[in-house]
Peer 1: 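Have a look at the structure that comes next, please.
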Amino acid sequence: MMKKTAVLLVNLGTPNSPSLKNVRKYLAEFLNDKRVIDLPFLRRKFLVNCIIVPFRVKNSSKIYQKLWTKEGSPLLLYGIKVQELLQERMPKGIDIYLAMRYQNPNISNVLEQIRLKNYNKIIIIPMYPQYASSSTGSTLEKAMAIIKNWYVIPEVTFVSQYFDEEGFIDTIVENAKKFDLNAYEHFLFSYHGLPERQVDKVYNDNVPCKDHYCENKLDETNLFCYKATCYATTRLIAEKLHIPQEKYTVSFQSRLDKNWLTPFSDKVITQKGENGVKNLLVFSPAFTADCLETTIEISDEYAALFQKAGGKKLDVVESLNDAPGWIDTLEKMVKSRL
Ligand SMILES: C=CC1=C(C)c2cc3[nH]c(cc4nc(cc5[nH]c(cc1n2)c(C)c5CCC(=O)O)C(CCC(=O)O)=C4C)c(C)c3C=C
Ligand SMILES: [Fe+2]
């Protein structure tokens, strides 16, 4: 008999509205997470609450106002759509829930709803294909911190990453095929950035990430290194689209300081424009839904940078959003774990 199961999809979260007050609240909750700003307590508190949030909030609120639609933030709207579409594919007794790691729908409240329903099993799927301590690790730690206080703890399954899941790769490939790939001189795979020290901590051999071989090879040593899995996702997409290695670059966006993973997306885009690339197609395979980082940072800000540097057209491959292939992939991921 199939176990009565709750499936919890968790994404990062977004402010409740683009107002200064709500953006400040969101940034403060997000950046005070010790897995996001992984500094000792007092240094983190000072840096986040006295420097990063006060200096960032005005501009962040402005860009969230640009992103906001009549219905709200795209990240949340796509999350709700995915939850509904996935629920339609499920047999009786399998319920799909959506929560956000920060803000709403609040993960503590959603897990409380789940607890009250006495499920035999919970499957937790963070909406991040590549593992990072600041995204997946934080989500799973938070879920465990809540569940550990329950009197009855059912079977719990955590999905840590799916950077190479066939349906995930194929859905990105399908989205890319909506463009005439012969029209682009170069392709950019732009992933959310991370401080280098965060990928260094994955390794047990005291050798920093940059001295491993993450651009070219994935094995048991670097299987949970975000940089290595970003390159692995890229290789799989490029192979299926027959994009040769010299025609693409992997890069990292949204840095807070210079010690984040390189090369930086904005620098690569400027360099490509200056070197005569006229048409550039950008993939963003770290994001399962379009959000501030894709809609504003890539489609607006990077497109303007590219044109200023001499480029003509920068196009962006849509995120997975509510694509049927992505719902098929999640359905398969859930059903194989029931
Ligand atoms: C791949 C997933 C993500 C990782 C890893 C990640 C790490 C990370 N992010 C910041 C700082 C910010 N990120 C912001 C927005 C944002 N980040 C992700 C995903 C990952 N972040 C998403 C999907 C979004 C957009 C959310 C939305 O509402 O659309 C922001 C806020 C925007 C801004 O002010 O620029 C910040 C800040 C750090 C420090 C970090 C790892 C250390
Ligand atoms: Fe982020």
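In listed order, ligands and their atoms are each counted from 1.
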Peer 1: Under 4.0 Å from any heavy atom of Tyr128, which atoms of ligand 1 are there?
Peer 2: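 Answer for ligand 1: 2 (C).
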
Peer 1: Could Lys210 and Asp200 be called an ion pair, given the rule that one side-chain N must be under 4.0 Å from one carboxylate O?
Peer 2: no

Peer 1: So does Lys25 pair up with Glu29, basic N to acidic O under 4.0 Å?
Peer 2: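 Salt bridge between Lys25 and Glu29, a charged N being under 4.0 Å from a carboxylate O: no.
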
Peer 1: When you measure from atom 42 (C) of ligand 1 to every protein heavy atom, which one gives the shortest distance, and what is it?
Peer 2: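 Heavy-atom neighbour on the protein nearest atom 42 (C) of ligand 1: Val36 O, 3.1 Å.
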
Peer 1: Is it the side chain (CB and beyond), the backbone, both or neither of Leu256 that lies under 4.0 Å from ligand 1, heavy atoms counted?
Peer 2: side chain

Peer 1: Using 30° and 60° as the class boundaries, would you call the ring planes of Tyr203 and His212 parallel, tilted or perpendicular?
Peer 2: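 Tyr203 vs His212 ring planes: parallel.
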
Peer 1: Which residue holds the protein heavy atom closest to atom 31 (C) of ligand 1, what is that atom called, and what is the gap in Å?
Peer 2: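 That would be Leu27 CD2, 3.9 Å.
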
Peer 1: Strictly below 4.0 Å, N to O, side chains only: are Arg115 and Glu112 in salt-bridge contact?
Peer 2: yes

Peer 1: If you measure from each non-hydrogen atom of Leu12 to ligand 1, which part falls under 4.0 Å: side chain, backbone, both or neither?
Peer 2: side chain

Peer 1: For Tyr213, is the NZ or CZ atom of Lys217 found under 6.0 angstrom from the centre of its six-membered ring and inside 45 degrees of the ring axis?
Peer 2: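 Checked: cation-pi criterion met.
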
Peer 1: Can you list the ligand 1 atoms lying under 4.0 Å from a non-hydrogen atom of Phe30?
Peer 2: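 Checking each atom against Phe30, I get 9 (N), 10 (C), 11 (C), 12 (C), 13 (N), 14 (C), 30 (C), 36 (C).
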
Peer 1: For ligand 1, is there an atom lying under 4.0 Å from some heavy atom of Gly13?
Peer 2: yes

Peer 1: Under a 4.0 Å heavy-atom limit, does Trp260 contact ligand 1 with its side chain, its backbone, both, or neither?
Peer 2: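 It is the side chain that touches ligand 1; the backbone stays farther off.
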
Peer 1: Is the ring pair Tyr131/Phe224 parallel, tilted or perpendicular, if the boundaries are 30 and 60 degrees?
Peer 2: perpendicular

Peer 1: Does Phe187 have Lys247 sitting over its ring (NZ/CZ under 6.0 Å from centre, angle to axis within 45°)?
Peer 2: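 Negative - Lys247 is either too far from the ring of Phe187 or too far off its axis.
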
Peer 1: Mind checking whether Pro195 contacts ligand 1 via backbone (N, CA, C, O), side chain (CB onward), both or neither, at a 4.0 Å heavy-atom cut-off?
Peer 2: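 The part of Pro195 near ligand 1 is the side chain, not the backbone.
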
Peer 1: At a 4.0 Å cut-off, with the gap strictly under it, does some heavy atom of Tyr191 reach an atom of ligand 1?
Peer 2: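 Contact check Tyr191 vs ligand 1: negative.
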
Peer 1: Applying side chain to side chain donor-acceptor pair (under 3.5 Å) between Gln130 and each of Thr233, Thr136, Asp164, report the one that passes.
Peer 2: Thr233

Peer 1: If you consider just the N/O/S atoms, which atom of His192 is the closest one to the Fe ion (ligand 2)?
Peer 2: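 The nearest such atom is NE2.
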
Peer 1: For Asp95, is there an ion pair with Lys4 - N to carboxylate O distance below 4.0 angstrom?
Peer 2: no

Peer 1: Show the atoms of ligand 1 that are less than 4.0 angstrom away from any heavy atom in Phe287.
Peer 2: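 Near Phe287, the atoms of ligand 1 are 19 (C), 23 (C).
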
Peer 1: Testing the 3.5 Å rule here: is there a donor-acceptor pair between the side chains of Ser17 and Ser19?
Peer 2: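 Distance-only check passes for Ser17 and Ser19.
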
Peer 1: Is there a polar contact between ligand 1 and Leu292, counting only N or O atoms under 3.5 Å apart?
Peer 2: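 Right, the criterion is met.
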
Peer 1: As an exercise, identify every atom of ligand 1 less than 4.0 angstrom from a heavy atom of Ser134.
Peer 2: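 In order of number, 5 (C), 7 (C), 41 (C).
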
Peer 1: Identify, for atom 19 (C) of ligand 1, the protein heavy atom at the shortest distance, and state residue, atom and that distance.
Peer 2: His192 CD2, 3.6 Å

Peer 1: Would you mind listing which atoms of ligand 1 come within a distance below 4.0 Å of any non-hydrogen atom of Arg56?
Peer 2: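 Here the atoms of ligand 1 in question are 33 (C), 34 (O), 35 (O), 37 (C).
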
Peer 1: Between Ser135 and ligand 1, which part of the residue brings a heavy atom under 4.0 Å of the ligand: side chain, backbone, both or neither?
Peer 2: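 Side chain only; the backbone of Ser135 stays clear of ligand 1.
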
Peer 1: Kindly assign one of parallel, tilted or perpendicular to the pair Tyr26 and Tyr64, based on the angle between their ring planes and the thresholds 30° and 60°.
Peer 2: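 Taking Tyr64 first and then Tyr26, their aromatic rings stand perpendicular (interplane angle over 60°).
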
Peer 1: Suppose we measure from atom 1 (C) of ligand 1 to each protein heavy atom; which comes out shortest, and what is that distance?
Peer 2: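 Answer, as residue, atom name and distance: Ala286 O, 3.7 Å.
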
Peer 1: At under 4.0 Å between heavy atoms, is it the side chain or the backbone of Gln198 that contacts ligand 1, or both, or neither?
Peer 2: side chain

Peer 1: Short N/O distance, under 3.5 Å, between Ser60 and ligand 1?
Peer 2: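 N/O-N/O distance under 3.5 Å: yes.
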
Peer 1: With a 4.0 Å cut-off on N to O distance, would you call Glu185 and Lys278 a salt bridge?
Peer 2: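 No, Glu185 and Lys278 are not salt-bridged.
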
Peer 1: Counting from 1, what ligand 1 atoms have a heavy atom of Thr14 closer than 4.0 Å?
Peer 2: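 Numbered from 1, ligand 1 contributes 27 (C), 28 (O).
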
Peer 1: What is the closest protein heavy atom to atom 15 (C) of ligand 1, and at what distance does it sit?
Peer 2: Glu293 OE2, 3.2 Å

Peer 1: For Asp315 and Tyr184, test the side chains for any donor-to-acceptor distance below 3.5 angstrom and give the result as yes or no.
Peer 2: yes

Peer 1: Pick one of side chain, backbone, both or neither for how Tyr26 approaches ligand 1, counting any non-hydrogen atom pair under 4.0 Å.
Peer 2: side chain

Peer 1: Salt bridge check: are Asp38 and Arg44 linked by an N-O gap of less than 4.0 Å?
Peer 2: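 Answer for the salt bridge query: no.
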
Peer 1: Note the single closest protein heavy atom to atom 27 (C) of ligand 1, along with its residue, its atom name and the distance in Å.
Peer 2: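 I find the closest protein heavy atom is Tyr64 OH, 3.2 Å.
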
